[in-house]
Amino acid sequence: MSTKPSGARSTPPTSLTERRKAATQLEIAHAAAELFAAQGPHATTAEEIARHAGVALRTFYRYFRSKQDAVSPLLADGADRWRALLAAAEPGTGLSRALESAVEQSLAAPDEEAERALLRTRGLLRAATDDPALRAVWYRVNQESEERLVPVVARLAGGRLQAVQVRLVAAAATDAIRIALETWAGTDAGVTGEGSPAALALDCLRQLVGGMSALTEE
């Protein structure tokens, strides 16, 4: 079994080889997510995931350490998307406004593809309830996202925040999304409207960052 970490990408692959590698990882991740949601991680084997993805078992272990680790590209994709939205904000936007806008856009479901992505995350989070290894992957992805968010927050803050304050904002923003998705996964609420991921995340963000309003406002 390979011991190579799969890890989430912080930047899109550029070379053809890297793009093919990323595409294969994503195919495996989709297969794992479908099987986990349908029958649970305990009843799913790495061999079954590889077969479902149409790849050899050795290919599976070339990219992932375990069956639970296989879903990390899917979970990381959402984190990468919301971080990219925040990074695209202009420094003069105001940190609180930029955070809220990025959260709202990243968790919106304007089309069927976005809706499927959210429902897939719900299935994974529900499957993680009884699987510590799958929960560990979820927490790891969130931790990595928080770390990558720090320089984005620092740039938007424009030097007005101390290093520890930048980290606090990054942690609060990351936890707002994590808690919102976990809360939503435990309900039957829709992907839009009251109780949706976007609505819950905005509420969590305002509560968590509310105490730091003096830091996040222009």
Side-chain angles (χ1 to χ4, degrees), residues 4-37 41 49 52-55 59-60 62-89 99 101-128 133-152 170 173-182 184-185 191-192 196-198 200-201 205:
K4 295 179 182 178
S6 61
R9 292 186 178 277
S10 57
T11 56
T14 53
S15 71
L16 179 59
T17 299
E18 284 293 300
R19 289 198 298 273
R20 285 175 174 169
K21 176 181 175 181
T24 300
Q25 288 177 320
L26 199 55
E27 287 174 7
I28 296 171
H30 278 288
E34 289 176 10
L35 291 169
F36 288 169
I49 295 171
H52 196 59
V55 300
T59 300
F60 176 94
R62 184 182 306 146
Y63 298 128
F64 302 109
R65 290 182 295 242
S66 67
K67 60 185 181 181
Q68 289 89 349
D69 193 41
V71 301
S72 57
L74 281 178
L75 296 176
D77 183 62
D80 289 345
R81 186 168 59 253
W82 107 264
R83 193 170 56 252
L85 286 166
L86 185 61
L99 286 167
S101 177
V103 165
E104 192 169 25
Q105 289 183 65
S106 66
L107 294 176
D111 52 45
E112 290 185 4
E113 182 178 354
E115 182 175 344
R116 283 195 300 270
L118 285 172
L119 292 175
R120 187 164 49 239
T121 298
R122 170 185 264 170
L124 286 174
L125 291 178
R126 287 178 173 178
L134 188 54
R135 287 200 304 275
V137 172
W138 168 241
Y139 293 141
R140 188 195 76 211
V141 167
N142 277 273
Q143 178 62 35
E144 291 172 349
S145 179
E146 178 185 322
E147 292 170 358
R148 290 168 179 158
L149 188 61
V150 168
V152 179
T174 302
D175 279 346
I177 295 180
R178 178 182 62 79
I179 293 168
L181 285 170
E182 291 172 353
W184 175 70
V191 296
T192 59
S196 67
L200 289 170
L205 183 67

### Query
Residues in side-chain hydrogen bond (donor to acceptor under 3.5 Å, both in side chains) with R20, at least two apart?
none
#### Entry: Close side-chain approach of F60 to T24, heavy-atom, < 4.5 Å
no
### Message
For A170 versus V150, what's the shortest heavy-atom pair and its separation?
### Response
CB-CG2, 3.9 Å
### Task
Enter the distance from T174:OG1 to I179:CD1 here, rounded to the nearest 0.5 Å.
10.5 Å
### Task
Could you tell me which residues satisfy side-chain hydrogen bond (donor to acceptor under 3.5 Å, both in side chains) with S145, sequence neighbours excluded, listed by chain and number?
R83
### Message
Set out, in order, the CA-CA distance, both residues' side-chain angles and the distance that settles side-chain contact (heavy atoms from CB on, under 4.5 Å) for W138 and L134, then state yes or no.
### Response
CA-CA 6 Å; W138 168 241; L134 188 54; over 6 Å; no
### Summary
Minimal heavy-atom distance between A180 and P197, with the atoms involved, is CB-O, 4.0 Å
### Message
Minimum heavy-atom separation for W82 and A173, please, with both atom names.
### Response
CH2-CB, 3.8 Å
### Approximate separation, where rounding is to 0.5 Å, of R140 CZ and Q68 CD
11.0 Å
### Task
Measure the spacing between CD1 of I177 and CG of L200 and express it to the nearest 0.5 Å.
12.0 Å
### Task
Mind listing the closest non-hydrogen atom pair of A109 and A114 along with its distance?
CA-CB, 3.9 Å
### Task
For the residue pair T59 and Y63, establish whether any side-chain heavy-atom pair is separated by less than 4.5 Å.
yes
### Value rounded to 0.5 Å, distance of CZ in R120 from CG in D77
8.5 Å
### Query
With side chains defined as the heavy atoms from C-beta onward, is the minimum distance between L107 and L181 less than 4.5 Å?
yes
### Task
Write down the atom of L26, the atom of P73, and the distance for their closest heavy-atom approach.
CD1-CB, 4.4 Å
#### Entry: CG on L74 to CD1 on I28, rounded to 0.5 Å
11.0 Å
### Task
Supply the atom-to-atom distance I49 CD1 to H30 NE2, rounded to the nearest 0.5 angstrom.
13.5 Å
### Query
Quick one: does L125's side chain get under 4.5 Å of W184's, heavy atoms only?
no
### Task
State whether the side chain of R126 and the backbone N or O of A185 hold a donor-acceptor pair below 3.5 Å, judged by distance alone.
yes
### Task
For residues S72 and F64, report the shortest heavy-atom separation together with the two atoms involved.
OG-CE2, 4.2 Å
